[in-house]
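Each remark here refers to the structure printed beneath this line.
Here the structure is a predicted model, which means the values were calculated and not measured. The first residue of the sequence shown is numbered 1, and numbering continues consecutively from there.
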Amino acid sequence: RNAPNRKLYFTIDKLFICLSTSVVIVVGIAGNISVLLIIKRTQSLQTAQNYLLANLAAADVTSLLFCSFTLVPLFKVLPDGAVGTVLCMFFVGFNVPLTATVVSVFTLTILAIERYNAVVRPLQKVQLTRETVRYAIIGTWMASAVLNTPLFVYTNYKFKTAACRQTYGAHAELTHIIFYIIFVFTFPFVVISFCYSKLVKALYHRSVVTPNSNIPEKELVRQRRQLLKMSLTVTLVFGACVLPASIVTALRYFRLVSQTVRALGLLLLFISSVVNPFIYAFHSQNYRCAFKALLKCK
């Protein structure tokens, strides 16, 4: 077969997209890998909450790493047939980054529930621990994989246009979008909003019931407020980046947005994967010290 009737060459636009995206990816991957190393090396940070933050960092690394592969079609036509389709499914398409993003949503939801149980209902027997949090982490990846299976199954490579496309019908696409809106945006938003509203009320408007602890009550409340601010900031920043992408996804079904607008929405989605390490360093002295130790700074 003849190759697609188009020329692939470097232009100023492509070069700008490649360079700017590369900077975002490199900074994001370096920052999130640092978070993983810090939690692994620092005994005091090996808690259920920080393991959830580690899962968030792992999802961000996965999203950014596979996002780099999506630049390939800008400069290279993929092979026709099954090879091109497989490359679209797992590398060149946005399937893996979107799957990792859904993992981030689920992780932030579990993080809000964990904070709610630890502060508002500390005497409850069902609490996430270092031993049990692994099951919650595995569950985020399994649930995301199930929810995103249609993306992989119905991805195909259109050789004539040299582009990755979803080939499911209009009804199936609408059904999948509705599932996304319910389980990725609406339900997590409701749960997170409920948990953090109760947390704010508990920490700022009334005394908190605490289990037996060697830490003075004022210091314990201060630590919990600090953790709340950090967790809430991560969630708000992520939501501010995800909301435009979700609106674009919904409008795309009705053909109301251009490819440029869709690209900007996806760019916001992946920028959210970069900022979390900076939030940790800003809000937590423990993370700042650990970052300095990792960089061998005195």
Side-chain angles (χ1 to χ4, degrees), residues 21-70 90-91 94-115 118 128-145 148 223 226-239 241-242 269-297:
T21 305
S22 298
V23 171
V24 170
I25 290 172
V26 170
V27 172
I29 289 178
N32 284 288
I33 288 179
S34 297
V35 172
L36 292 172
L37 291 175
I38 286 169
I39 293 175
K40 181 179 179 180
R41 295 178 179 182
T42 310
Q43 185 71 27
S44 61
L45 294 178
Q46 293 177 6
T47 63
Q49 185 194 34
N50 284 312
Y51 283 146
L52 289 173
L53 294 179
N55 189 48
L56 188 62
D60 289 340
V61 170
T62 303
S63 179
L64 291 167
L65 180 61
F66 280 84
C67 183
S68 64
F69 296 136
T70 63
F90 298 101
F91 296 97
F94 283 96
N95 297 346
V96 174
L98 286 175
T99 301
T101 301
V102 174
V103 171
S104 297
V105 174
F106 292 160
T107 302
L108 289 171
T109 305
I110 295 174
L111 182 62
I113 296 172
E114 188 274 337
R115 287 291 82 203
L128 279 180
T129 64
R130 291 176 54 183
E131 290 71 28
T132 60
V133 72
R134 70 184 68 178
Y135 301 110
I137 291 173
I138 293 173
T140 62
W141 288 92
M142 292 180 63
S144 179
N148 287 283
Q223 291 179 5
Q226 184 183 55
L227 289 172
L228 172 62
K229 289 178 181 178
M230 183 176 70
S231 303
L232 190 56
T233 303
V234 170
T235 304
L236 289 175
V237 171
F238 184 82
C241 294
V242 168
L269 194 65
F270 298 125
I271 286 178
S272 68
S273 300
V274 180
V275 299
N276 287 340
F278 299 99
I279 295 174
Y280 304 153
F282 178 78
H283 282 284
S284 174
Q285 183 178 1
N286 290 335
Y287 272 102
R288 285 198 297 273
C289 294
F291 275 121
K292 290 178 182 179
L294 188 64
L295 295 174
K296 297 182 179 180
C297 295

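Between the side chains of Asn50 and Tyr287, at least one donor N or O lies within less than 3.5 Å of an accepting N or O. A side-chain donor-acceptor contact under 3.5 Å links Asn276 and Asp60. Checking Ser104 against Thr107 by side-chain atom types alone, no donor-acceptor pair falls below 3.5 Å.
Listed for the Thr235 side chain is a donor-acceptor partner under 3.5 Å among the backbone atoms of Ser231. The closest donor-acceptor contact from the side chain of Gln46 to the backbone of Arg130 lies at 3.5 Å or more, if one exists at all. Side-chain N or O atoms of Thr99 include none that pairs as donor or acceptor with a backbone N or O of Ser144 at under 3.5 Å. A side-chain donor-acceptor contact under 3.5 Å links Thr140 to the backbone of Ile137. For Thr42 (side chain) and Leu45 (main-chain N/O), no donor-acceptor pair under 3.5 Å exists by modelled atom type.
Taking CD of Glu114 as the reference point, atom OG1 of Thr129 lies at 10.0 Å (rounded to 0.5 Å). Rounding to the nearest 0.5 angstrom, the gap separating the OG1 atom in Thr101 from the CZ atom in Phe94 is 10.0 Å.
Using cut-offs of 30° and 60° for the angle between ring planes, the Phe91 and Phe69 rings count as perpendicular.
Within the 4.5 Å cutoff, no side-chain heavy atoms of Asn148 are placed close to those of Asn95. Side-chain contact between Leu53 and Met230 is present, with heavy atoms from C-beta onward closer than 4.5 Å. Counting heavy atoms from C-beta on, the side chains of Arg41 and Leu294 come closer than 4.5 Å. Annotation: side chain of Leu128 is not in contact with side chain of Tyr135 (no heavy-atom distance under 4.5 Å). When side chains are defined from C-beta on, Phe106 does not count as touching Leu56, because their heavy atoms never get closer than 4.5 Å. Using a 4.5 Å cut-off on side-chain heavy atoms (C-beta onward), Tyr280 and Ile38 make no contact. Looking only at side-chain heavy atoms (C-beta outward), Val275 and Phe238 stay at 4.5 Å or farther from each other. Between Leu65 and Ile25, the closest side-chain pair of non-hydrogen atoms is not below 4.5 Å.
Here the options are Leu232, Thr233, Val234, the test is side-chain contact (heavy atoms from CB on, under 4.5 Å), and the partner is Leu236; only Leu232 passes.
In terms of heavy-atom proximity, Pro277 sits nearest to Asn32 at CG-N, 3.7 Å. Across all non-hydrogen atoms, the minimal contact from Ala100 to Ala59 is CB-O, 3.3 Å.
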